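Please read the structure below before turning to the comments.
Just so it is clear, the model here is predicted, and its values are computed rather than measured.
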Amino acid sequence: MARISRRGTQADLAGQDVLDPVLSVPAVNVRFVSRYRLSPTPEQELRLLEHCAHARFVWNLAVEQHSHWRWGRAAAPGYNEQARQLTEARAQFGWLRAGSVTVQQQALRDFAKATRHFYAGTHRKPSWRKVSRNDGFRQVAVKPEHVRRLNRRSGHVWVPKVGWVRFRWSRAVPRNVTSYRVSRDRAGRWHIAFAVVPGVIPAPGNNETVGVDRGVTVSAALSTGELLSVPRLTPTQQRRLDRLYRRLARCKRGSNRRSLIKRVIARLIRRRTDRRKDWVEKTSTLLASRFDVVRVEALSIRGMTRSAKGTVVNPGRNVRQRRDSTGAFCPTDGGSW
């Protein structure tokens with residue numbers, strides 16, 4: 001069933017039956033995540049990168065173990081067996097023992113959860129994590145004294161093996177925090193996301209229903225006549241991005257200049273993605289607060305635009321019809337419906 005969260009989390013609007021109704025009551029095991037910008041010192045950043053490397057190493061070992069499993073063989077090791085093997089590895093390798101055991105164990109728990117979701121048919125198969133693309137780790141057993149407010153704009157959080165790390169207090173931190181996840185995006189920015197169990201938010205009670213028609217040029221057309229479009233980069237920013245891509249194509253692979261240009265491109269793309277995610281959060285919250293029932297068309301934007309993409313030898317089909325007002329293909333980087 002297609003759903004729109006009443007707490008403003010990103011809507012899950014793809015791959016469902018046409019015009020499925022939206023329930024305003026949250027699921028039982030829903031976790032509300034509030035994310036904040038983290039500001040570690042250079043020394044703290046090195047320690048955070050070590051945590052990310054350890055979590056990635058443990059995750060990839062679990063992926064490798066399960067990749068050897070075939071039908072007819074004994075079952076692949078589960079969490080309990082992998083945790084026992086982790087204890088033996090920590091006793092043997094000092095560099096692994098120097099890291100946080102909680103971070104490494106949570107990587108195994110995350111892998112076990114991802115595996116269950118894969119066999120349940122709700123998620124993709126767990127794959128390899130790569131440097132600078134899947135940097136992050138999770139911490140549990142968070143106590144109230146682990147998160148403190150310093151002033152109106154900043155606070156700090158306790159991270160094992162790192163110490164107190166400052167973050168931007170952009171909004172109130174929930175009191176009943178159960179865990180948090182520290183992550184680093186491709187633009188080099190650090191974030192911390194606190195997970196809590198949300199309470200039930202009642203529907204507006206006006207018995208109003210709205211239908212949402214999703215598209216390429218217009219991101220969402222409401223049955224009330226409103227047309228909603230995903231924000232994009234400004235024309236100046238888009239021209240700069242195009243120039244950077246041309247410069248990147250001329251750079252030598254492995255050079256410092258290529259790495260620098262890739263970081264600048266990542267910052268621009270991250271800015272575009274942030275705008276689209278912000279639009280999705282605000283739009284989903286607005287719809288959930290205005291209507292009791294939201295019906296969404298089951299439409300695959302990625303599938304619609306896939307045939308429009310092509311090469312010089314094999315050009316796409318219906319390219320003009322499937323372009324937006326700016327002349328670009330509909331984005332699929334997480335900000336679209």
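Counted by atom type alone, Glu64 and Asn60 present zero donor-acceptor pairs between their side chains at under 3.5 Å. Neither side chain, Gln106 nor Gln139, offers a donor N or O lying under 3.5 Å from an acceptor on the other. Residues Gln85 and Glu81 bring a donor and an acceptor atom of their side chains to less than 3.5 Å of each other. Between the side chains of Ser154 and Arg166, a donor-acceptor pair is found at a separation under 3.5 Å.
Taking the centre of each ring, Phe194 and Phe167 come in below the 6.0 Å mark.
Using modelled atom types, no side-chain atom of Thr122 and backbone atom of Phe118 make a donor-acceptor pair closer than 3.5 Å.
Leu86 belongs to a hydrophobic cluster whose remaining members, ordered by chain and number, are Phe57, Val58, Leu61, Tyr79, Phe93, Trp95, Leu96, Leu108; membership requires side-chain heavy atoms of ILVMFWY residues under 4.5 Å apart, directly or through intermediates.
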Q: Start with the C-alpha gap between Arg90 and Gln104, add the side-chain angles, then the distance that decides, and say whether side-chain hydrogen bond (donor to acceptor under 3.5 Å, both in side chains) holds.
A: CA-CA 10 Å; Arg90 286 176 56 87; Gln104 299 163 15; 3.1 Å; yes
Q) Hey, mind stepping through Arg56 and Lys130 against side chain to side chain contact (heavy atoms under 4.5 Å, CB included) and telling me if it holds? A) CA-CA 8 Å; Arg56 183 174 58 251; Lys130 300 180 180 179; 5.7 Å; no
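A 6.0 Å sphere centred on CG of Asp242 holds more than 12 heavy atoms belonging to other residues, nucleotides or ligands. Remark: Arg84 CZ is packed, more than 12 non-hydrogen atoms of other residues, nucleotides or ligands lying under 6.0 Å away. Other residues, nucleotides and ligands contribute only 12 or fewer heavy atoms inside 6.0 Å of the CZ atom of Arg168.
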Show the atom names and distances, to 0.1 Å, of all donor-acceptor pairs under 3.5 Å that link a side chain in residues 42-51 to residues at least two apart or in another chain.
unit_1: Gln44; atom_1: OE1; unit_2: Thr41; atom_2: N; d: 3.1
unit_1: Gln44; atom_1: NE2; unit_2: Trp164; atom_2: O; d: 2.8
unit_1: Glu45; atom_1: OE2; unit_2: Trp190; atom_2: NE1; d: 3.1
unit_1: Arg47; atom_1: NE; unit_2: Lys161; atom_2: O; d: 3.3
unit_1: Arg47; atom_1: NH1; unit_2: Glu50; atom_2: OE1; d: 2.7
unit_1: His51; atom_1: NE2; unit_2: Pro160; atom_2: O; d: 2.8

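By the rule that hydrophobic residues join a cluster once side-chain heavy atoms approach within less than 4.5 Å of another member, Tyr245 and Ile261 end up as members of one cluster.
For the pair Arg129 and Phe111, the NZ or CZ position fails the cation-pi test of under 6.0 Å to the six-membered ring centre and within 45 degrees of the ring normal.
Taking each heavy atom of Val212 and Ala220 in turn, the nearest pair found is CG1-CB, 3.9 Å.
Using a cutoff of 4.0 Å between basic side-chain nitrogens and carboxylate oxygens, Asp185 and Arg133 are not scored as salt-bridged.
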